[in-house]
A.B. asks: 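The structure under discussion is supplied below as structure tokens; questions concerning it will follow.
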Amino acid sequence: ALAVAIALPMGVRGGGGEAVAANGESGAAGRAAGAAADSSQGPWRTFAAERVQDAVAGGRPAFVVFTADWCVTCKLNERVALDTDEAQQLFRAKGVELFKADWTNQDAAISAELARHGRAGVPLYLYYPPGAAQPRILPQLLGPGTVRELIGQLPDQSSAGETTRV
């Protein structure tokens, strides 16, 4: 069992692209570094509180993952619940904006955000439903159906602009 736990973090996302924006930079330089690194994180954008606030203010649902490369629980949740084909298809269909706060190097801004939500470390999962000022804090262990249960009832993004039929 120990070998599985040690091997799990290696290659879960293939290539170690998560260690971005945890370089200690803050302000405009940190946001620029994060924006440039977004493409290496797949559908996940680098976390910045302003980006999440923009999504929420725009009425879009947002999902924030606080993780670290060395966090076995985080990597397990990514593999089982967040980076599955089903979850990613749901996130896309429902128009959920995805943000990843990489705490691998214990970035001070991410530490402050963790503390703001009553946490001293990772994992932390926040879901902002459309129009919500405060996030829903999810459990530290996620199951395969977590995303479906959480956002399955949201309207598909493609039908968001359509009028309701009576």
Side-chain angles (χ1 to χ4, degrees), residues 9 11-71 73-117 119 121-138 140 142 146-148 150-152 154-158 160:
V12 170
R13 295 283 319 237
E18 270 100 29
V20 295
N23 57 9
E25 292 187 60
S26 61
R31 285 189 297 280
D38 280 351
S39 63
S40 69
Q41 297 190 84
W44 300 93
R45 296 176 63 198
T46 300
F47 171 81
E50 301 84 18
R51 290 180 176 185
V52 177
Q53 291 168 358
D54 288 347
V56 172
R60 297 179 304 278
F63 193 92
V64 185
V65 172
F66 291 80
T67 186
D69 285 346
W70 43 260
C71 174
T73 304
C74 301
K75 296 304 172 190
L76 179 64
N77 286 333
E78 289 169 14
R79 173 174 263 173
V80 170
L82 301 174
D83 289 340
T84 65
D85 289 341
E86 177 190 15
Q88 289 300 313
Q89 288 171 0
L90 273 170
F91 284 138
R92 277 190 306 275
K94 305 300 183 178
V96 178
E97 294 205 27
L98 304 176
F99 300 93
K100 184 172 283 190
D102 185 346
W103 200 55
T104 298
N105 297 320
Q106 299 184 354
D107 175 86
I110 294 172
S111 294
E113 195 69 18
L114 286 166
R116 193 168 78 81
H117 294 287
R119 298 292 171 89
V122 294
L124 173 62
Y125 304 100
L126 303 177
Y127 171 63
Y128 292 84
Q134 295 298 316
R136 177 174 165 196
I137 298 176
L138 302 181
Q140 289 185 326
L142 305 178
T146 300
V147 171
R148 183 179 348 99
L150 190 64
I151 66 170
L154 291 175
D156 283 352
Q157 183 179 16
S158 61

A.B. asks: Look up atom NZ in Lys94 and atom CG in Leu150, then write down how far apart they are to the nearest 0.5 Å.
C.D. replies: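 Atom-to-atom, Lys94:NZ and Leu150:CG are 11.5 Å apart.
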
A.B. asks: Roughly how far apart are Ile137 CD1 and Arg119 CZ, rounded to 0.5 Å?
C.D. replies: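 Output value for this atom pair is 6.0 Å.
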
A.B. asks: With distance as the sole test, does Arg51 use its side chain to make a donor-acceptor pair with the main-chain N or O of Phe99 at under 3.5 Å?
C.D. replies: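 Flag not set: sc Arg51 to bb Phe99 has no pair under 3.5 Å.
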
A.B. asks: Is there a donor-acceptor pair under 3.5 Å between the side chain of Asp107 and the backbone N or O of Ala109?
C.D. replies: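 Here the side-chain-to-backbone pair exists.
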
A.B. asks: Could you report the tightest heavy-atom contact between Gln88 and Pro43, atom names first, then the distance?
C.D. replies: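 Minimum heavy-atom contact is OE1-CG, 3.0 Å.
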
A.B. asks: Evaluate side chain to side chain contact (heavy atoms under 4.5 Å, CB included) for Arg148 paired with Glu86, printing each intermediate quantity in order.
C.D. replies: CA-CA 8 Å; Arg148 183 179 348 99; Glu86 177 190 15; 2.7 Å; yes

A.B. asks: Does His117 reach the side chain of Pro135, with side-chain heavy atoms less than 4.5 Å apart?
C.D. replies: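 Yes. Closest side-chain heavy atoms under 4.5 Å.
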
A.B. asks: Nearest 0.5 Å please: distance from the CD atom of Glu78 over to the SG atom of Cys71.
C.D. replies: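 If I round to the nearest 0.5 Å, the distance is 8.5 Å.
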
A.B. asks: With the side chain counted from C-beta on, respond yes when Phe66 and Ile110 share a heavy-atom pair under 4.5 Å apart, and no when they do not.
C.D. replies: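 When only atoms from C-beta onward are counted, Ile110 and Phe66 do touch, with a gap below 4.5 Å.
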
A.B. asks: What verdict does the side chain to side chain contact (heavy atoms under 4.5 Å, CB included) test give for Trp44 and Asp83, after you've listed the backbone C-alpha separation in whole Å, the side-chain angles of each residue and the deciding distance to 0.1 Å?
C.D. replies: CA-CA 10 Å; Trp44 300 93; Asp83 289 340; 3.1 Å; yes

A.B. asks: Given Arg60 and Asp54, is the salt bridge (Lys or Arg N to Asp or Glu O under 4.0 Å) satisfied, shown in steps?
C.D. replies: CA-CA 9 Å; Arg60 297 179 304 278; Asp54 288 347; over 6 Å; no

A.B. asks: With heavy-atom distances below 4.5 Å as the criterion, would you say the side chains of Tyr125 and Leu82 are in contact?
C.D. replies: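 In contact.
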
A.B. asks: For the residue pair Cys74 and Pro123, establish whether any side-chain heavy-atom pair is separated by less than 4.5 Å.
C.D. replies: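 A side-chain contact exists here, since the closest heavy-atom pair is under 4.5 Å.
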
A.B. asks: So, does Thr146 use its side chain to make a donor-acceptor pair with the main chain of Leu142 at under 3.5 Å?
C.D. replies: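 No, the answer is negative, given that no donor and acceptor are paired below the 3.5 Å cut-off.
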
A.B. asks: Do Tyr128 and Val52 touch side chain to side chain, with heavy atoms closer than 4.5 Å?
C.D. replies: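 The answer is yes; the side chains approach within 4.5 Å.
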
A.B. asks: Would you say the side chain of Val65 lies within less than 4.5 Å of the side chain of Phe47, judging by non-hydrogen atoms?
C.D. replies: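 A side-chain contact is absent here, since even the closest heavy-atom pair is not under 4.5 Å.
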
A.B. asks: Can you find a pair of side-chain heavy atoms, one from Ile151 and one from Leu90, that are under 4.5 Å apart?
C.D. replies: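 Of all side-chain heavy-atom pairs linking Leu90 with Ile151, at least one is under 4.5 Å.
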
A.B. asks: Hey, does the side chain of Asn77 reach the backbone of Gln140 with a donor-acceptor pair shorter than 3.5 angstrom?
C.D. replies: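 It does hold such a pair.
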
A.B. asks: Taking the side chain as C-beta and beyond, is there a heavy-atom pair between Pro130 and Leu154 under 4.5 Å?
C.D. replies: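 Side-chain contact under 4.5 Å: yes.
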
A.B. asks: Has Glu97 got a side-chain atom pairing as donor or acceptor with Phe63's backbone, closer than 3.5 angstrom?
C.D. replies: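 No; zero donor-acceptor contacts below 3.5 Å.
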
A.B. asks: If every non-hydrogen atom of Gly121 is compared with every non-hydrogen atom of Leu114, which pair is closest and at what distance?
C.D. replies: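 Scanning both residues, the minimum pair turns out to be O-CD2, 3.7 Å.
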
A.B. asks: Decide side chain to side chain donor-acceptor pair (under 3.5 Å) for Trp103 and Thr67; before the verdict, give the C-alpha distance in whole Å, the side-chain angles of both, and the deciding distance to 0.1 Å.
C.D. replies: CA-CA 6 Å; Trp103 200 55; Thr67 186; over 6 Å; no

